[in-house]
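For reference, the structure discussed in these notes is given below.
Remember, it's a predicted structure, so these values are computed and weren't measured experimentally.
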Amino acid sequence: MQPPMGNERPPPPGRPVSAFVPGAAVPPPPFAAGGPFVPPPRQGALLPQPGAAAPPFGAAQPAAMGGYRGPPPSQVPFAAAPPPQRPFTSAPLPQGPFTSAPPSQGPFASTPPPQGPFTSARPSQGPFTLAPPSQAPFAAGPPPQGPFAASAPAPFRPPPSSSLGQPQSPTGGSLPALNYVRPPPLQSQGFYPGAQPVNHQFPMSRPAFQQPVHTMPPPPMGLTASFGNQAAYPSAGPPVGGTLQSLVEDFQSLALSSAPGSLDPGVDVKALPRPLDGDEEPVKLLEAYPLNCHPSKWARFLTCLFPITQEEVPVINFGSAGVIRCRRCRTYINPYATFADAGRKWRCNLCTLLNDVPGEYFCALDASGRRYDTDQRPELSKGTVEFVAPTEYMVRPPMPPSYFFLIDVSVSAVRSGLLEVVAKTIKSCLDELPGFPRTQIGFLTFDSTLHFHNFKSSLSQPQMMVVADLDDVFLPLPDDLLVNLVDSRHVVESFLDSLPNMFHDNVNVESALGPALKAAFMVMSQIGGKLLVFQSTLPSLSIGRLRLRGDDVRAYGTDKEHTLRVPEDPFYKQMAAEFTKNQIAVDIFSFSEKYSDIASLGSLAKYTGGQVYHYPSFQAATHGDKLKHELSRDLTRETAWESVMRIRCGKGVRFTTYHGHFMLRSTDLLALPAVDSDKAFGMQLSLEETLMTTQTVYFQVALLYTSSSGERRIRVHTAAAPVVTDLSEMYRQADTGAIVSLLGRIAVENSLSDKLDSVRQQLQLKLVRSLKEYRNLYVVQHRIGGRLIFPESLRFLPLYILAICKSLALRGGYADVSLDERCAAGFSMMILPVKRLLNFVYPSLYRVDEVLTMEPNKIDTSLKRLPLTMQCLHTGGLYLLDDGFNFIVWLGRMLPPELVSNILGVSLANFPDLSKIQLRECDNEFSRNFMKILKNLREKDPSYQQLCRVVRQGEQPREGFLMLSNLVEDQMAATSSYVDWIQQIHRQTQS
């Protein structure tokens, strides 16, 4: 990856340096068909420093000191019950062969300060609990790091060498019986519904930050962490005497055992946990903290989503009083601030500073210390508000919404029908572009030359000026290249009407994208706005020229593999920096039939808050409707312009790394030239104190932006989360969707600096560590054995991690996914909100032939999601798979021909090439109901339009890469099935 520029965020972590313990056999990769993967220990891995937290999804440590060897089985410190610990700590993990990160870089930084999880952007919901650092489940020491929460970790011990060198087959007779076990609730010491609060008055009282939470001191450095003092951790102690049997009977378990020589794994596949009801949004935190910003709309701990939507948000104008903020930490007034001195002072809930209340804002307090006007002031009673920003929040007058279109008009764009679709779609959206009557618009077309278009309002037809000098680009006209839409509407419409015919006979195959980008920058730099790039071929001329790469199979699996997924030419990152500096966001629309280097082009969107749309082998007849929908949404959705975002947090924690599409202007300021409701961001936090002295931690996300109407505003989300002393409570409140969303982003970033195989192994290792640490909370497993212990809240996590490993961005190697498709999927995963990301990695599968004869109003309720396995596909059925980007219609070979012809409108016998089928509503009940199903599914998520593709059972290779590759629970090629995966995870948690 190119070295980071001065004001952009750090690059993803570097590759790990693999070193194995002498004598230990090298295990197969996690998706090898031959058997389960067991990660070996690593030479040179450091023991955790005192107080250092090692999360299950954690960071690597530098192997700078002597080698570490795990203790013999008798010394493994899992015989005694560990203290109640936090589930997801995030200090540097003891390095295994699959964790890596250069110091201070990437999501898993190997040096303090540690990191933990909080994502920002449209925060949905989800409890986020902070355990005292010394109570983490992994080790102990300086502030812990990681994507979840921080605490003191117990040293990681590699499994015995015998298990490393000889992984046993899932079908072998030596595999112990495996049971899914959901432990009964433990006594809680935290503050959650159902738990006993710890001296916490809610909601308007001062936080009891004076009382420290006492915890067991961390073990000395270099010693194994064996905790035997159960009196200090009553909730984590083992059952005593006759309680063991009753506790075992309370467990929900799934027996999984295989007889010697049997190919039957001995598991009821139907009973495996599956997220068939979609994303489960935790609600308990909102119940406990009703003044939080709404989790399903705005902020979701462990992954916050930040939209600018058209939902109603209270708007507050403080007038002459100015925006009320803490004078020390700059936190905005919010529902968790408290008032004192008869209402003349207010205490900041983040830094505890006592601030003066302006005279214009004064209100008396009631007997409980609450302002009389609290219910009438949204900023004191709602977690999401919007402040009108005064002039001191502006460095220039608010910009008008500006749209500049950079359109490739080479022969491939002409022949595919791209120009006609783009021109008609833009024209249809002119009345709906945000910012009327201030909206600005402009166009530049290019092939081997640059074509500027004059839209001066006094003209009846636009004038085209051609610049052929690509090495010294200049503007042939100082004005009228970017014009007010209202004034020049007739000229713009005339241009769009003539665009398809203007280049109808063009046979130019070259693309001068680099010079075109420089020209667009020159046009837009004074105003800013959104640049939409339509590229149909690989840039081939002058600056920014790219070459074919990625077709060398020898690069895969080597140290050079990741270089294929990062920009080849630094020009594109440099241009992205200039665009961001001048408040220009870039959206990339790619249509090439062949390789177009999405890795390079996508960096323009990555660092400017933009988006990548990929339409491989675009043809208007096939992809036209999808392009029309997605371009229309891009142009008409509500957008926040020239934005910056900062997230603040309470005492003892801080945010350290950020994930998404933006430019990091300073250590905690995200530059977003444009942001909208279709994008999400991820953030990780770290604990700065080894002993948390507060019982509640507060977070506040603030977005300063210009609205389309030209008003400068500040969107503020405030949320609170409790600090708990009971680690098991934290596990119970974990948000699987948020965890998966953050891990997916981190994995994509890691793939930019490491081999795909290593990235997948890192994910597996993080999963194993998390479940192993949770298992250590319940010493009963040492007596009942053969059971996979997991929290109810994370029952879907193993399947989701498997699905991420099999996703388009991370699965397989050279022959499995084209390089452009892999990179485009990675860019999408970096911005998708939680629900969309979960549906992308674990798509929805429905059987639809059984509901097509029902009444239309009953069809939606009758559609049921099915597990993603071939066992659910009946040869006589019609199935629909939806991943949010595509519809795959699978026709069983025994499906009645009459039903097929009714839905497709043609007979399969007369139309054998299903790749050219265009589904349209036919005049029969089956077709109308089927198209209604597609319409309803599309309306649930309007951010993209699923492209409908039809495939017949046994039609290879289309069935393989369209349908079978999405059945993530099945074993295909060198990947594990769900059952094999669970067996691998269980075996490794036992080691």
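- Checked by atom type, the side-chain pair Ser677/Glu638 shows no donor-acceptor distance below 3.5 Å.
- In this structure, the separation between CD on Gln535 and CD1 on Ile407 is 12.0 Å, given to the nearest 0.5 Å.
- Residues Ser708 and Trp641 have side chains in contact (heavy-atom distance under 4.5 Å, counting atoms from C-beta outward).
- At distances below 3.5 Å, not a single donor-acceptor pair connects side-chain atoms of Thr636 with backbone N or O atoms of Glu432.
- With hydrogens and angles disregarded, a donor-acceptor distance shorter than 3.5 Å links the side chain of Glu642 to the backbone of Met399.
- Side chains of Arg712 and Thr706: a donor-acceptor N/O pair is present below 3.5 angstrom, by distance only.
- Between Tyr613 and Tyr615, the ring planes lie parallel to each other; the angle is under 30°, not in the 30° to 60° tilted range.
- For the pair Arg949 (side chain) and Ile888 (backbone), a donor-acceptor distance under 3.5 Å is absent.
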| Asp678 and Arg836: salt bridge (Lys or Arg N to Asp or Glu O under 4.0 Å), yes or no, with the steps? | CA-CA 10 Å; Asp678 292 337; Arg836 297 169 191 166; 3.5 Å; yes
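- Between atom CG of residue Leu672 and atom NZ of residue Lys679 there is a gap of 9.5 Å, rounded to the nearest 0.5 Å.
- By the 6.0 Å contact criterion, CZ on Arg958 is enclosed, its count of non-hydrogen atoms from other residues, nucleotides or ligands being greater than 12.
- Classification of the Phe503-His451 ring pair by plane angle, with boundaries at 30° and 60°, yields parallel.
- Nearest approach of Arg745 to Ala680, heavy atoms of both residues: NH2-CB, 3.3 Å.
- Heavy-atom contacts from other residues, nucleotides or ligands closer than 6.0 Å to CZ of Arg646 number more than 12.
- Between the side chains of Thr608 and Thr580, no donor N or O sits under 3.5 Å from an acceptor N or O.
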| Test side-chain contact (heavy atoms from CB on, under 4.5 Å) applied to Tyr572 and Leu513, step by step | CA-CA 10 Å; Tyr572 291 96; Leu513 176 62; 4.2 Å; yes
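- Checked by atom type, the side-chain pair Asp625/Gln945 shows no donor-acceptor distance below 3.5 Å.
- With hydrogens and angles disregarded, a donor-acceptor distance shorter than 3.5 Å links the side chain of His661 to the backbone of Gly610.
- A donor-acceptor pair under 3.5 Å is formed between the side chain of Asp883 and the backbone N or O of Asn886.
- Between Asp860 and Lys932 there is no salt bridge, since no side-chain N of the basic residue sits under 4.0 Å from a carboxylate O of the acidic one.
- To the nearest 0.5 Å, atoms CG (Asn902) and CZ (Arg928) are separated by 10.0 Å.
- Judged by distance alone, the side chains of Thr622 and Gln619 never bring a donor and an acceptor atom under 3.5 Å apart.
- Using modelled atom types, one side-chain atom of Asn582 and one backbone atom of Glu578 make a donor-acceptor pair closer than 3.5 Å.
- For the residue pair Asp820 / Ser596, a side-chain donor-acceptor distance below 3.5 Å is found, with atom types taken as modelled.
- Between Phe495 and Phe443, the ring center distance clears the sub-6.0 Å criterion.
- Side-chain contact, His490 with Ser460: no donor N or O sits under 3.5 Å from an acceptor N or O.
- Atoms OG and CD1, from Ser590 and Ile598 in turn, are 3.5 Å apart once rounded to the nearest 0.5 Å.
- Residues Glu510 and Ser540 have side chains that bring a donor and an acceptor to within less than 3.5 angstrom of each other.
- Put simply, the side chain of Ile543 does not reach to within 4.5 Å of the side chain of Leu517, judged on heavy atoms.
- A side-chain N or O of Ser410 and one of Asp408 form a donor-acceptor pair less than 3.5 Å apart.
- Remark: side-chain polar atoms of His629 are paired, donor with acceptor, to backbone N or O of Pro942 under 3.5 angstrom.
- Residues Leu635 and Pro434 come closest through the heavy atom pair O-CD, 3.1 Å.
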| message | For Arg547 and Asp597: C-alpha separation, side-chain torsions, deciding distance, then whether salt bridge (Lys or Arg N to Asp or Glu O under 4.0 Å) applies. | response | CA-CA 8 Å; Arg547 63 182 179 87; Asp597 202 346; over 6 Å; no
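- Taking 4.5 Å as the limit, every side-chain heavy atom of Thr537 sits out of range of all side-chain heavy atoms of Phe591.
- Looking only at atom types and distance, the side chain of Asp447 has a donor-acceptor partner in the side chain of Thr449 under 3.5 Å away.
- Nearest heavy atom pair, residue Glu821 against residue Leu808, reads O-CD2, 4.1 Å.
- Under the 4.5 Å side-chain criterion, counting only non-hydrogen atoms from C-beta, Thr639 is not in contact with Val675.
- The line from CG of Leu532 to CG of Leu406 is 9.5 Å long, rounded to the nearest 0.5 Å.
- Remark: the backbone N or O of Ile426 is not paired with any side-chain donor or acceptor of Ser428 at under 3.5 angstrom.
- With a 4.5 Å cut-off on side-chain heavy atoms, Leu880 and Ile933 count as touching.
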| query | For Leu541 and Ser511, what are the C-alpha separation, side-chain angles and deciding distance, and is it a side-chain contact (heavy atoms from CB on, under 4.5 Å)? | reply | CA-CA 6 Å; Leu541 295 177; Ser511 171; over 6 Å; no
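- A 6.0 Å sphere centred on NZ of Lys518 holds no more than 12 heavy atoms belonging to other residues, nucleotides or ligands.
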| task | Run the numbers on Phe885 and Phe840 for ring-ring contact (aromatic ring centres under 6.0 Å, His included), then give the verdict. | result | CA-CA 8 Å; Phe885 293 84; Phe840 179 60; 5.2 Å; yes
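- Considering every non-hydrogen atom in both Val491 and Leu459, the closest pair reads CG2-O, 3.2 Å.
- Atom CD of Gln526 sits in a sparse spot, with 12 or fewer heavy atoms from other residues, nucleotides or ligands closer than 6.0 Å.
- Side-chain atoms of Asp569 do not come within 3.5 Å of backbone N or O of Ser600 as any donor-acceptor pair.
- The nearest pair of heavy atoms linking Ile903 to Leu919 is O-CD2, 3.9 Å.
- Of all heavy-atom pairs spanning Ser617 and Glu593, the tightest one is OG-O, 3.7 Å.
- Between Asn508 and Ser448, the side chains place a donor N or O and an acceptor N or O closer than 3.5 Å (distance only, hydrogens not considered).
- Residues Glu711 and Tyr705 bring no donor and acceptor atom of their side chains to less than 3.5 Å of each other.
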| query | Taking it one step at a time, do Phe827 and His614 satisfy ring-ring contact (aromatic ring centres under 6.0 Å, His included)? | reply | CA-CA 10 Å; Phe827 284 121; His614 185 46; over 10 Å; no
Would you tabulate the side-chain donor-acceptor contacts of residues 473-486 under 3.5 Å, counting partners in other chains and residues two or more places apart, or write 'none'?
{"unit_1": "Asn484", "atom_1": "OD1", "unit_2": "Val486", "atom_2": "N", "d": "2.9"}
{"unit_1": "Asn484", "atom_1": "OD1", "unit_2": "Asp487", "atom_2": "N", "d": "3.0"}
{"unit_1": "Asn484", "atom_1": "ND2", "unit_2": "Pro437", "atom_2": "O", "d": "3.1"}

| field | Residue pair Asp882, Gln946: steps toward the side-chain hydrogen bond (donor to acceptor under 3.5 Å, both in side chains) verdict | value | CA-CA 8 Å; Asp882 173 21; Gln946 297 91 329; 3.1 Å; yes
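- No donor-acceptor pair closer than 3.5 Å links the side chain of Arg633 to the backbone N or O of Lys628.
- Here the straight-line distance linking atom CG of Leu496 with atom NZ of Lys427 works out to 7.5 Å at 0.5 Å rounding.
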